[in-house]
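See below for the structure under consideration.
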Amino acid sequence: MKCFSRYLPYLFRPPSTILSSSCHAEADIISTVEFNHTGELLATGDKGGRVVIFQREQESKQQPQRRGEYNVYSTFQSHEPEFDYLKSLEIEEKINKIRWLPQHNAACFLLSTNDKTVKLWKVSERDKRPEGYNLKDEDGRLRDPSMITTLRVPVLRPMDLMVEATPRRVFANAHTYHINSISVNSDYETYMSADDLRINLWNFEITNQSFNIVDIKPANMEELTEVITAAEFHPHHCNTFVYSSSKGTIRLCDMRASALCDRHAKFFEEPEDPSNRSFFSEIISSISDVKFSHSGRYVMTRDYLTVKVWDLNMENRPMETYQVHDYLRSKLCSLYENDCIFDKFECVWNGSDSVIMTGSYNNFFRMFDRNTKRDVTLEASRENSKPRAILKPRKVCVGGKRRKDEISVDSLDFSKKILHTAWHPSENIIAVAATNNLYIFQDKVN
Amino acid sequence: MEFKLEAHRIVSISLGKIYSARGQRGGLKLHKNLLVSLVLRSARQVYLSEPCCPPEPPAAPRALPEEPPPPCAAAAAWAPGEPPPPPDEAPRGGPRRPGADCESARARRCCCCGCCCCEAGGGGAAPPLPCCSRKRGAGERGQAGSPVKKPRREAEEPPPPPPGEQEDMETGNVANLISIFGSSFSGLLGKDPPGRRRAPRDGGEAAAAAPAEAAAEPGQICCDEPVLRTLNPWSTAIVAF
């Protein structure tokens with residue numbers, strides 16, 4: 001199990017110091033983190049509707065120690081707050097998900113979505129500027145045509161690198177309920193967007209139409225028993241996708257079977273353990289995230305207390321179950337009261353599908369090595385954020401005698417939650433979003 | 001006893017969440033409200049099925065009809081094939097039991113069963129009802145698509161309804177919920193259980209319905225039995241969409 005060392009803190013969003021060090025602007029809370037397909041770019045979205053993209057520095061011989069640091073590459077406002085006049089509802093600008101498209105030319109494309117609208121953004125570099133226009137001068141003011149006596153051809157001159165983001169497509173008005181997931185198909189021509197009750201399939205080129213491929217809305221809303229919580233396309237099979245539900249089930253669907261994939265091809269559910277039954281059993285079984293492994297053979301799901309790895313060929317129970325923070329099981333009532341039980345944690349695979357990672361409270365995040373069955377709890381905090389420092393494993397004391405560097409369950413800070421994490425597609429670099437701070441950890445094996 | 005208190009507390013918290021969700025930015029979150037309504041329903045059933053609080057003199061006559069079902073009644077009401085709990089454990093099993101007992105592994109949403117078994121017991125000599133008859137209580141009913149306002153129950157608690165009306169418990173009037181949440185909640189389905197006495201309801205809901213009921217019976221807690229029995233949180237939270 002690799003230990004994460006050479007910690008390079010990137011605190012790009014320092015908390016605002018209006019009142020106290022613990023106070024921060026709500027708009028700065030990071031709501032999604034995603035590496036692109038090469039890992040060169042890292043995108044974050046926040047509650048204020050902004051997207052910030054980081055780019056990894058190129059390795060240089062002159063400064064080998066700065067190899068692989070991530071710096072801000074581009075910042076833009078993706079979504080603005082909107083108002084639905086018919087329903088008298090405000091539509092939040094919070095970015096729920098970002099997904100990258102694979103890169104084919106110099107420009108990068110990503111999808112970002114809030115509750116209602118998906119947008120395709122093109123991020124491109126400009127390092128040359130045309131000069132020598134005939135009809136306007138260098139400031140852009142129109143020249144008096146009568147003063148023009150010669151013609152010249154504008155030339156491109158170098159300029160400071162400018163990264164600009166332009167919205168290329170806006171996919172709107174297709175979701176009645178709140179969008180929780182987007183997923184790019186492996187055909188790179190289509191993608192899907194999922195809300196609580198429906199999943200729509202889009203073509204990147206067409207914004208005024210989408211196909212509804214899953215609809216679980218009952219004819220009578222009073223019969224509603226479950227909602228869609230996450231959805232993802234298979235990484236290789238463009239006809240296959242999965243979606244998870246609030247009842248703790250996963251459905252795998254094949255788009256070749258029918259146009260409307262209401263009937264699943266496979267249904268994954270683990271029987272409930274009756275000894276664990278409580279008022280909150282249903283809530284904690286709700287799946288908050290579903291992710292295919294890179295190989296496409298497994299699916300990982302996250303519910304409130306566990307992470308489960310499912311084999312696509314075995315529907316009746318998960319292959320592996322990992323306890324993230326089982327010590328919270330006795331505290332469910334308090335967590336219900338303070339709404340923490342509704343927190344939606346995400347989970348990620350590493351590049352080789354051997355390690356899985358997910359977040360917890362008190363700025364802790366957990367990694368599970370599937371091969372050695374070892375796990376570790378790490379903390380993303382300023383206190384242990386010295387450069388090159390090795391992250392020390394943390395431990396939560398559940399009862400009895402508390403050792404020196406353990407923390408007791410009651411001392412956990414439930415306002416510090418790590419919901420969003422990302423893992424570089426091929427290297428051991430992880431990005432961890434702790435409220436409004438982004439931490440990037442690298443494992444330098446020298 | 002403490003489970004009943006905890007159940008009541010959870011009911012109060014859940015109602016508070018539903019209420020405060022109305023004003024939040026971005027609109028009602030369907031997922032969260034669904035989960036809250038599930039918790040509310042479980043807690044309500046536990047609350048209604050648990051042994052009553054130690055009876056205080058004014059409440060004693062009321063408390064008696066709502067005695068917990070004799071253990072064998074709860075056990076007998078199980079779906080066929082489910083092993084009944086040991087008799088001495090059934091009423092005591094904690095918040096889990098009444099709802100959990102009646103749930104088979106498959107019938108996860110069979111939450112009504114707990115209520116029905118226990119109400120049957122609470123009626124005294126009522127025969128136990130088949131467990132799954134109310135499995136789709138909320139759904140099968142659903143004929144009326146339009147909002148229907150229910151008349152308010154009388155403040156004076158009538159004797160517990162006869163067993164034949166058990167099916168309508170879940171779909172009973174939601175007058176108190178309406179009064180708490182105002183007109184934002186609509187489309188509350190249900191039909192009047194036959195035989196229940198009701199006071200005719202006037203157009204303006206009394207916002208003090210729930211506290212008034214509570215105040216009418218000293219020593220009663222706010223969400224007392226008649227209020228809870230008439231709640232239909234399932235409808236309200238979901239149909240709000």
Side-chain angles (χ1 to χ4, degrees), chain A residues 26 47 81-82 84 87-94 114-116 176-178 180 195-197 217-229 245-249 269 271-286 288 304 332-334 336-339 341-342 344, chain B residues 3 6-7 9-11 13-14 16-17 20 24-43 45-46 93-97 99-101 103 105-106 108-109 111 136 138-145 171 187-190 232 234-241:
Chain A
E26 174 129 347
K47 269 189 119 174
E82 290 173 51
D84 181 337
K87 296 182 191 171
S88 286
L89 285 179
E90 195 174 0
I91 300 172
E92 279 189 282
E93 67 277 27
K94 172 168 79 90
N114 69 347
D115 282 340
K116 297 287 185 187
T176 309
Y177 303 96
H178 296 318
N180 52 55
D195 67 27
D196 291 319
L197 297 178
K217 183 179 180 192
N220 180 4
M221 275 297 269
E222 296 211 9
E223 296 173 33
L224 182 73
T225 56
E226 68 182 324
V227 297
I228 298 169
T229 52
S245 82
S246 55
K247 276 197 194 175
T249 65
E269 184 180 27
E272 194 187 355
D273 179 1
S275 63
N276 275 336
R277 187 112 178 84
S278 75
F279 286 123
F280 310 105
S281 298
E282 280 132 342
I283 300 188
I284 63 171
S285 67
S286 174
S288 52
Y304 191 64
L332 293 179
C333 194
S334 325
Y336 178 71
E337 251 183 291
N338 63 16
D339 272 359
I341 207 173
F342 300 106
K344 296 191 182 161
Chain B
F3 299 120
E6 190 192 350
R9 188 164 148 259
I10 290 175
V11 166
I13 294 169
S14 304
K17 285 188 192 302
S20 62
Q24 72 181 111
R25 199 166 166 251
L28 282 166
K29 305 271 188 283
L30 180 60
H31 183 198
K32 181 177 176 187
N33 278 271
L34 176 67
L35 296 176
V36 170
S37 66
L38 292 176
V39 171
L40 181 54
R41 199 156 70 158
S42 305
Q45 284 155 14
V46 167
R96 298 131 190 86
R97 278 310 181 115
D101 291 351
E103 285 191 10
R106 289 285 183 167
R108 281 174 150 228
R109 296 277 81 87
C111 293
R136 296 247 181 249
E140 278 162 3
R141 248 186 309 131
Q143 51 279 57
T171 75
L188 305 169
L189 296 186
N232 196 347
W234 189 240
S235 314
T236 57
I238 301 312
V239 180
F241 283 89

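Throughout, protein chains are lettered first and strands after them, A, B, ... in sequence-line order, and every chain is numbered starting at 1.
Summarising the geometry, atom CD1 belonging to Ile341(A) is positioned 9.0 Å from atom CG belonging to Leu35(B); distances are rounded to the nearest 0.5 Å. The NZ atom of Lys29(B) sits 12.0 Å away from atom CG of Asn180(A), with the distance rounded to the nearest 0.5 Å. Rounding to the nearest 0.5 Å gives a distance of 8.5 Å between NE2 of His31(B) and CD1 of Ile283(A).
Counting only distance, with no hydrogens or angles, the side chain of His178(A) and the backbone of Gly26(B) share a donor-acceptor pair below 3.5 Å. A donor-acceptor contact shorter than 3.5 Å links the side chain of Lys17(B) to the backbone of Tyr336(A).
Taking all atoms of both residues into account, the shortest heavy-atom contact from Thr225(A) to Leu34(B) is O-CD2, 3.7 Å. Between Ala7(B) and Phe279(A), the shortest heavy-atom contact is CB-CZ, 3.9 Å. Minimum heavy-atom separation, Cys333(A) to Glu6(B): SG-OE2, 4.0 Å.
Taking Glu93(A), Glu82(A), Lys94(A) one by one and counting their heavy-atom pairs under 4.5 Å with chain B, the maximum is reached by Glu93(A). Contact tally against chain B (heavy-atom pairs below 4.5 Å) for Ser286(A), Pro81(A), Ala219(A): the top residue is Ser286(A).
Looking at Ser246(A), both its backbone and its side chain come within 4.5 Å of chain B, counting heavy atoms on both sides. In this structure, chain B has a heavy atom under 4.5 Å from the backbone of Glu226(A), while its side chain stays farther away. Both the backbone and the side chain of Asp339(A) come within contact range of chain B, each with at least one heavy atom under 4.5 Å from a heavy atom of that chain. Looking at Leu197(A), only its side chain comes within 4.5 Å of chain B, counting heavy atoms on both sides. Using a 4.5 Å cut-off between heavy atoms, Lys344(A) contacts chain B through its side chain alone, with no backbone atom that close.
The closest side-chain heavy-atom distance from Leu30(B) to Met221(A) is below 4.5 Å.
The side-chain contact (heavy atoms from CB on, under 4.5 Å) check on Ser281(A) picks up Glu272(A), Arg277(A), Ser278(A), with sequence neighbours excluded. Take Thr176(A) and apply the side-chain contact (heavy atoms from CB on, under 4.5 Å) test, not counting sequence neighbours, and it matches Lys87(A), Arg198(A).
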